[in-house]
Amino acid sequence: MQEQRRRNPGIAEVTFLAYDRHEGMEDDRTPGSCGLSAKSMTAIAATCAAIGFIAYMLTSSSANPATTQKPPSNDDAVQERLPRALLPSEYRLKIIPHLEEGNFTSSGELWITFNCEEPTNKIILNAKEIKFDEVELHSLTKEIVVTDVIVKDDSDVVVIKLNKPFKKGDVYKLYIRFTGILNDVLQGFYRSSYVDLATKETRWMASTQFSPTYARRAFPCFDEPSFKARFKISLGRRTNMTSISNMPRKSTESISTMPGFVWDHYPQSLLMSTYLVAFIVTDFGNVEVINSTKPVFKLWSRRDVLDHTEYISNVGPKILHYFEGYFNITFPLEKQDIVALPDFGYTAMENWGLITFRESGVLIDEKEAAASVRQDVALVAAHELAHQWFGNLVTPAWWSDLWLKEGFASFFANLAVDHVEPTWRVKDALLEDLQKVLEIDALKSSHPISVTLNRTDQITQIFDAISYTKGCSIIHMMYHFLGADVFQSGIRRYLRTYAYQNAEQDDLWEALTLEAHSHRSMMEDVTVKTVMDTWTLQAGYPILHVNRNSNTGTITVYQEQFCWTTGCEDSTQLWWIPLTWTKQGYPQYDKTIPKAWLHHPTLELNDTVNEDEWILFNLGQTGYYRVNYDDKNWKLLSQSMELLPAAIRAQLVDDVLANSRAGILKYKITMDLLQNLENETDYLVWDSAIRGLRYMHNKLHSDASFNKWMQKLVQKIFKFLGTEEKDDDGHRERRYRGDILRWACEVGHEECRRNAHQILQNWTRISSGDNPIPPNLRSWIYCTGLEHAGKNEWNFVWNQYLQTTSGAEKELLLDGLGCISNESILSNYLAKTLSSNSGVRKQDGWRVFRSIAETPNGLGIAFRFLRENWSALNDYYGTGFSAMAKMVQALSKYMSSESDLRQLEKFKDSVNLGVTNTAFQQTIEEVRINVDWVTKYMDQIQNILNQT
């Protein structure tokens with residue numbers, strides 16, 4: 001007997017059948033193998049022989065260079081986007097994962113029912129790394145049969161050719177028996193493992209991640225969001241495991257040919273896109289929320305950390321019910337499962353009825369969790385639950401409008417968490433996030449929120465701050481210029497109108513406009529589309545220049561595009577800017593309904609201001625734009641800083657630092673205003689200040705006079721907070737203390753650094769027991785304490801990482817371990833990102849790299865590692881979840897010389913960019929900006945410091 005070779009899963013091996021398989025034959029198949037019974041196979045073989053069909057294998061050259069794929073004719077060519085001649089209505093999927101080392105595969109059977117919208121002689125769908133074992137067509141006439149199957153691996157497209165075209169209006173059913181792989185790149189149907197703490201055994205599991213384009217890696221499908229269908233799923237599993245899917249399990253039956261295995265059958269799903277389908281086979285434990293009204297909430301995790309689900313079990317149902325009330329639409333499913341996975345590429349995924357998280361995104365150890373972790377968990381959970389309406393119920397028609405689900409989920413997450421945790425001041429996070437994304441969106445390499453996408457590899461590149469955070473920020477702006485009630489009414493109308501359908505941004509604009517006009521909150525000759533297209537179809541954002549006439553008191557405003565370097569002055573882009581303002585004589589900071597709109601280059605306002613009083617625009621920074629004033633107005637605002645609300649002070653600090661960085665405002669004015677930080681004790685203001693000052697510090701970190709000035713500014717807040725937690729600390733004190741202390745240490749505050757080193761040393765001397773460092777201080781202490789530590793201390797912290805069961809704590813430890821200065825240790829640490837047995841999970845490899853690259857001592861080591869291992873890293877991490885892009889983006893922080901820029905550009909030109917193209921563009925632009933800033937402003941700042 002000739003040895004049977006193991007086939008590459010990328011190969012498509014197809015048996016073409018020339019007869020119609022009757023519906024009832026589904027149950028005649030051997031359940032254990034997702035295949036045919038011996039009797040059926042005999043009949044099929046005879047039929048195939050009788051009519052002359054043969055089985056043959058199709059391969060792609062990329063999958064197996066020794067073989068060749070049938071060269072496609074011009075007629076075979078297809079675009080990556082699927083044609084709409086055929087629309088699926090139902091998938092019937094039976095799939096079983098084989099979780100045995102050496103055979104991580106899946107076996108499946110699939111029946112796709114579809115309607116013919118236009119005559120066609122081919123079925124075009126998506127598949128990747130799927131082996132087609134058998135393909136046949138069900139038709140009433142039995143005249144149409146499959147004649148060929150062509151796998152186009154370069155575009156994830158499969159073309160199934162027919163002998164005759166389908167007839168418009170007819171319904172057909174396609175049957176596919178297939179084999180897939182349980183990959184380890186966290187996409188499609190993938191494998192994962194963990195070590196049981198009690199038995200020390202490795203436990204394997206299979207889970208899914210289908211967004212945005214990975215359902216095709218689990219089963220052949222029409223893998224685009226507009227091809228909505230219903231899904232009826234059966235999962236095979238061992239009896240000592242369990243399965244979960246979008247719907248509640250309906251029944252379980254034994255697999256007669258596979259002792260110890262069963263089928264779990266799930267009822268037909270709601271109408272949904274392929275990216276929302278989910279299923280898991282695992283041995284997890286679960287906790288059901290007691291006394292929860294429908295839907296039934298159930299939390300799943302490793303049994304070792306099942307007690308860490310308490311917080312999410314408390315706030316999850318509250319958040320969901322808040323959304324039911326706000327949207328006035330009841331959650332349509334009977335149950336909501338929440339699953340914490342040890343390996344997960346994203347933080348979380350909103351699969352309908354089965355939300356999946358990485359452990360750090362949902363689990364909270366009540367003894368170990370920092371306040372920032374608790375807030376992040378609440379916001380992530382609220383984000384995913386908001387998706388049950390924005391994304392699941394109403395789905396963007398194509399990924400170009402990704403922001404329609406991600407921006408809204410981010411915005412409503414803040415509203416929901418503010419509702420369930422009112423003392424946290426979570427709405428401050430909207431301001432923090434706005435200020436972060438304004439930095440990115442000022443790059444020339446930024447992109448519009450709504451962007452044209454033609455290729456699959458472009459899709460993952462827009463899962464970024466523009467789609468999520470800018471999307472959220474412009475929604476926040478709409479919320480204010482329409483008014484809360486009109487906004488809510490418009491959102492309800494939009495969701496009711498497009499429930500279980502797909503929508504585009506114009507559909508949203510129409511719903512909001514109807515409500516705005518009916519409530520007279522917008523002029524009849526203006527639509528929301530008129531306003532908002534200027535914010536979604538253009539990259540970047542404006543800066544509003546405010547000029548006061550000292551003689552007449554009149555105010556003139558004009559707009560131009562804001563960017564970090566010269567080049568924007570030639571831009572002709574204009575935005576519809578909602579203008580809100582108040583004056584010193586009678587300040588009203590909460591009046592965020594616009595007094596006027598600026599949609600031309602310039603406008604003289606119907607208002608005046610006294611010469612000796614300030615005027616303030618963009619109240620609470622609710623508009624997505626920056627503001628710059630004449631020198632006198634900045635001086636007046638600076639003199640009044642202590643009297644202004646904290647959010648306004650944070651806004652002014654952010655604007656003044658950004659305007660000087662962009663060359664719009666003299667640094668002398670900025671640094672005079674920043675002197676107010678000496679007496680500042682509000683954390684939101686310091687968050688804005690640290691973000692802007694850190695950019696300067698990255699270029700001046702070794703400058704003694706700059707660090708001395710920074711230490712002077714931070715002294716009061718350092719004393720105010722202290723280095724120990726207090727019994728009466730609230731959530732905000734606990735959340736911000738570590739960040740502010742870490743900043744004080746970064747600028748060389750000696751007491752801060754000394755305390756961090758001592759606290760870490762005390763911990764390393766404890767032989768056993770709980771970690772004595774307060775959770776809210778660990779980020780500060782791990783990084784600062786390890787910076788000048790030795791091998792013994794580093795190994796101690798590394799062992800703590802290996803031993804902890806908390807996902808959030810693991811992330812803090814990984815971040816801190818990269819702060820050490822020892823080159824040998826850092827090189828060995830980076831090597832762990834390329835080993836599956838090192839203890840660093842694939843989902844965290846980019847985090848390790850970033851922790852090293854974003855330090856002055858580690859940048860060179862990290863960059864060298866990236867250059868030397870580019871191919872190996874790409875092979876190991878694959879194309880999903882932006883791991884490689886995040887590594888590239890981590891390089892720019894401390895690169896600020898011409899030499900740095902040349903090396904980075906040379907590196908970019910020498911590698912295959914793939915999904916890192918956008919990341920390289922942005923990173924190179926950021927380094928150019930850094931080089932330009934050093935040239936223009938470093939001497940200016942040093943001169944100012946020498947005069948103080």
Closest non-hydrogen atom pair, Pro97 against Val281: CG-CG2, 3.8 Å

What's the separation between atom CG in Leu430 and atom CG in Asn414, rounded to the nearest 0.5 Å? 4.0 Å

Heavy atoms, side chains only, cut-off 4.5 Å: are Leu110 and Pro220 in contact? yes

Given the side-chain rings of Tyr214 and Tyr190, with only the six-membered ring counted for Trp, is the space between their centroids under 6.0 Å? no

If we only count heavy atoms from C-beta on, is the Trp870 to Phe907 side-chain gap below 4.5 Å? yes

Can you find a side-chain donor-acceptor pair between Tyr695 and Asn930 that sits under 3.5 Å? yes

Is any side-chain heavy atom of Phe411 closer than 4.5 Å to a side-chain heavy atom of Phe390? no

Only counting residues at least two apart or in another chain, list the ones meeting salt bridge (charged side-chain N to carboxylate O under 4.0 Å, His left out) with Asp844. Arg358

Give a yes-or-no answer on whether the side chains of Asp401 and Ser450 include a donor-acceptor pair shorter than 3.5 Å. yes

Donor-acceptor contact below 3.5 Å, side chain Ser473 vs main chain Thr469: yes

Looking at Ser838 and Val840, would you say the former's side chain and the latter's main chain have a donor-acceptor pair under 3.5 Å? yes

Using salt bridge (charged side-chain N to carboxylate O under 4.0 Å, His left out) as the criterion, point out the one residue from Lys128, Arg81, Arg455, Arg217 that pairs with Asp156. Lys128

Check this for me, if you would: do Lys842 and Asp343 make a salt bridge, where the nitrogen-to-carboxylate-oxygen distance has to be below 4.0 angstrom? no

With Ala340, which residues qualify under side-chain contact (heavy atoms from CB on, under 4.5 Å), at least two apart? Ser301, Glu359, Val362, Leu363

Compute whether any side-chain donor of one residue and acceptor of the other, for Ser446 and Asp441, lie under 3.5 angstrom apart. yes

Judged by modelled atom types alone, do Thr395 and Lys228 share a side-chain donor-acceptor pair under 3.5 Å? yes

Rounded to the nearest 0.5 Å, what separates atom CG in Leu834 from atom CG in Asn869? 5.5 Å

Between Asn351 and Leu354, is there a donor-acceptor pair closer than 3.5 Å when you use the side chain of the first and the backbone of the second? yes

If you measure only the distance, is there a donor-acceptor pair under 3.5 Å linking the side chains of Trp564 and Glu925? no

Please confirm whether Trp846 and Tyr877 have ring centers closer than 6.0 angstrom. no

Might you work through the side-chain contact (heavy atoms from CB on, under 4.5 Å) test for Thr105 and Leu182, ending with a clear yes or no? CA-CA 5 Å; Thr105 61; Leu182 299 176; 5.8 Å; no

Checking side-chain contact (heavy atoms from CB on, under 4.5 Å) for the pair Trp535/Gln538: CA distance, chi angles, key distance, verdict? CA-CA 6 Å; Trp535 299 95; Gln538 302 181 119; over 6 Å; no

So, Asp223 side chain and Arg216 main chain: donor-acceptor pair closer than 3.5 Å or not? yes

Mind listing the closest non-hydrogen atom pair of Leu86 and Phe222 along with its distance? O-CE2, 4.0 Å

Please determine, by modelled atom types, if His447 and Asp464 share a side-chain donor-acceptor pair under 3.5 angstrom. yes

Side-chain donor or acceptor of Thr536 paired with backbone N/O of Ile449 under 3.5 Å: no

Just to verify, which of Thr179, Ile181, Asn103 counts as forming a side-chain contact (heavy atoms from CB on, under 4.5 Å) with His98? Asn103

Say whether, by atom type as modelled, one donor and one acceptor occur between the side chain of Gln209 and the main chain of Ser211 under 3.5 angstrom. yes

Verdict with reasoning, Tyr346 to Thr356, per side-chain contact (heavy atoms from CB on, under 4.5 Å): CA-CA 9 Å; Tyr346 291 123; Thr356 44; over 6 Å; no

Is the ring centre of Phe189 less than 6.0 Å from the ring centre of Phe219? no

Main-chain N/O of Val451 paired with Ser400 side-chain donor or acceptor, under 3.5 Å: yes

Could you walk me through whether Ser571 and Gln561 satisfy the side chain to side chain donor-acceptor pair (under 3.5 Å) test, starting with their C-alpha distance in whole Å, then the side-chain angles of each, then the deciding distance to 0.1 Å, before giving a yes or no? CA-CA 7 Å; Ser571 171; Gln561 185 175 357; 2.9 Å; yes

Distance-only, no hydrogens or angles: does the Thr282 side chain make a donor-acceptor pair with backbone N or O of Met205 under 3.5 Å? no

Nearest heavy-atom pair of Lys470 and Ala539: which atoms, and what distance? NZ-C, 4.3 Å

Pairs involving residues 908-920, ordered by first then second residue, that meet side-chain hydrogen bond (donor to acceptor under 3.5 Å, both in side chains) (sequence neighbours left out): Gln461-Thr918

Flag the pair Glu406 / His387 as yes when at least one side-chain heavy-atom distance between them is below 4.5 Å, and no otherwise. yes

Do Gln505 and Asp533 come within less than 4.5 Å of each other through their side chains, counting heavy atoms only? yes

Mind listing the closest non-hydrogen atom pair of Pro396 and Pro225 along with its distance? O-CB, 3.5 Å

Give me the atom names and distance for the closest heavy-atom approach of Ser892 to Glu926. OG-OE1, 2.7 Å

Evaluate the side-chain contact (heavy atoms from CB on, under 4.5 Å) criterion for residues Ser226 and Arg84: first the C-alpha distance (whole Å), next the side-chain angles of each, then the deciding distance (0.1 Å), finally the verdict. CA-CA 10 Å; Ser226 64; Arg84 299 190 64 81; 2.7 Å; yes

To the nearest 0.5 angstrom, please state how far the NZ atom of Lys906 sits from the CD atom of Gln903. 8.5 Å

Out of Gln388, Lys405, His383, which one pairs with Glu350 under the side chain to side chain donor-acceptor pair (under 3.5 Å) rule? Lys405

So which heavy atom on Asp815 is nearest to which on Arg850, and how close? OD1-NH2, 3.9 Å

Using 0.5 Å steps for rounding, measure from the OG1 atom of Thr208 to the CG atom of Leu186. 12.0 Å

Main chain of Ala229, side chain of Tyr91: is a donor-acceptor contact present, judged purely on distance under 3.5 Å? no

Check whether any side-chain heavy atom of Phe279 sits under 4.5 Å from a side-chain heavy atom of Val277, and report yes or no. yes

Under-4.0 Å salt bridge between Arg928 and Glu905: yes

Non-hydrogen side-chain atoms of Tyr829 and Leu814 separated by less than 4.5 Å: yes

Hey, what do you get for CG (Asn183) to CD (Gln187), rounding to the nearest 0.5 Å? 6.5 Å

Salt-bridge criterion met for Arg661 and Glu439 (N-O under 4.0 Å): yes

Could you check, using the six-membered ring where one of them is a Trp, whether Phe357 and Phe344 have ring centers closer than 6.0 angstrom? no

Does Ser835 use its side chain to pair, donor to acceptor, with the backbone of Lys832 at less than 3.5 Å? no

Using a strict threshold of under 4.0 Å (side-chain N to carboxylate O), is an ion pair present between Arg847 and Glu811? yes

Kindly compute the distance separating CE (Met884) from CZ (Phe920), expressed to the nearest 0.5 Å. 7.5 Å

Side chains of Leu443 and Ile929: does their closest heavy-atom pair fall under 4.5 Å? yes

